[in-house]
Amino acid sequence: GQQVMQIPQYQHVQEGEDFTTYCNSSTTLSNIQWYKQRPGGHPVFLIQLVKSGEVKKQKRLTFQFGEAKKNSSLHITATQTTDVGTYFCAAFLMEYGNKLVFGAGTILRVKS
Amino acid sequence: NAGVTQTPKFQVLKTGQSMTLQCAQDMNHNSMYWYRQDPGMGLRLIYYSASEGTTDKGEVPNGYNVSRLNKREFSLRLESAAPSQTSVYFCACPLQGAGGYTFGSGTRLTVV
């Protein structure tokens, strides 16, 4: 089962609205990664967060790693139709031999 | 996606047939990974190879075998395909210095 829980599963927003997806783990994470997958495409690496409380920005995307390193979020300001896709968080988990384990993903649809 | 190349892109198999999914990387990286993606499940690790000549099981290895032929190539074999193996298969290897993985374009497999 999923050791990295991601919510919501699905979100449909009006263009220009904000969007946030959350990632949670019961264990402390060494780091967390975020990926974007366009419909019909492959996952594309966006960013990696390592430090407790870390915040990084990429244009309209803001990534945050929790103080306890058990949760993370991705926030998109003023969504555009180009933001459509599935956003995944992923983390290296000791119980999986320190291999990269993915959350189930949040599907974002943007209505123009 | 010049770093990781997968073939074929699409395949339809009958139950019980066998096939090999091919993956090659030109990034000179030691590690390579095979994931499968199913709706609502994210990406799940099937097998990985930490270096040439070594392979190990991931989260969902049953029904699959792998071969790390050389540093560039890592193949995934289905000996007797089952409908439950209908999925999208991705090969991946680590990005140099960035912390994330780069993925191939995927193989969309349907077993009927």
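What you see is a predicted model; the values in this text were computed from it and never measured. Chain letters run A, B, ... following the sequence lines, proteins first and then strands; every chain starts at 1.
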Joint hydrophobic cluster, A/Val44 plus A/Ile107, side-chain heavy atoms closer than 4.5 Å: no
Rounded to the nearest 0.5 Å, what separation is found between the CD atom of B/Glu59 and the NZ atom of A/Lys99? 13.0 Å
Do B/Phe74 and B/Met27 share a hydrophobic cluster (ILVMFWY, side-chain heavy atoms under 4.5 Å, transitive)? no
If Ile, Leu, Val, Met, Phe, Trp and Tyr residues are connected whenever their side-chain heavy atoms lie under 4.5 Å apart, and connections chain through other members, are A/Phe88 and B/Leu95 in the same group? yes
Count the heavy atoms belonging to other residues, nucleotides or ligands that lie under 6.0 Å from CD of B/Glu79, then report whether that count exceeds 12. yes
Contact origin within B/Phe90 toward chain A - heavy atom pairs under 4.5 Å: side chain
State the CG-CD distance between B/Leu43 and A/Gln37, to the nearest 0.5 angstrom. 6.5 Å
Closest heavy-atom pair, A/Ala104 versus B/Gly40, reported as atoms and distance to 0.1 Å, is CB-O, 3.5 Å
Once rounded to the nearest 0.5 Å, what's the spacing between atom CG of A/Leu93 and atom CG of B/Leu45? 11.5 Å
Note: A/Phe92 and B/Tyr101 closest approach over all heavy atoms is CE2-OH, 3.6 Å
Contact class of A/Tyr35 relative to chain B, heavy atoms under 4.5 angstrom: side chain
Within 6.0 angstrom of A/Arg38 CZ, more than 12 heavy atoms from elsewhere: no
May I ask you to test the B/Thr102-A/Phe45 pair for a side-chain heavy-atom distance under 4.5 Å? no
N/O donor-acceptor pair under 3.5 Å between A/Gln33 side chain and B/Gly99 backbone: yes
Note, A/Leu100 side chain near B/Tyr35 side chain (heavy atom, < 4.5 Å): yes
Quick one: does B/Arg44's side chain have a donor or acceptor within less than 3.5 Å of a partner on A/Phe102's backbone? no
Answer yes if B/Val88 and B/Leu13 sit in the same cluster of Ile, Leu, Val, Met, Phe, Trp and Tyr residues linked by side chain heavy atoms under 4.5 Å apart, and no otherwise. no
Are B/Leu76 and B/Val4 connected, step by step, through hydrophobic side chains (Ile, Leu, Val, Met, Phe, Trp, Tyr) whose heavy atoms are closer than 4.5 Å? no
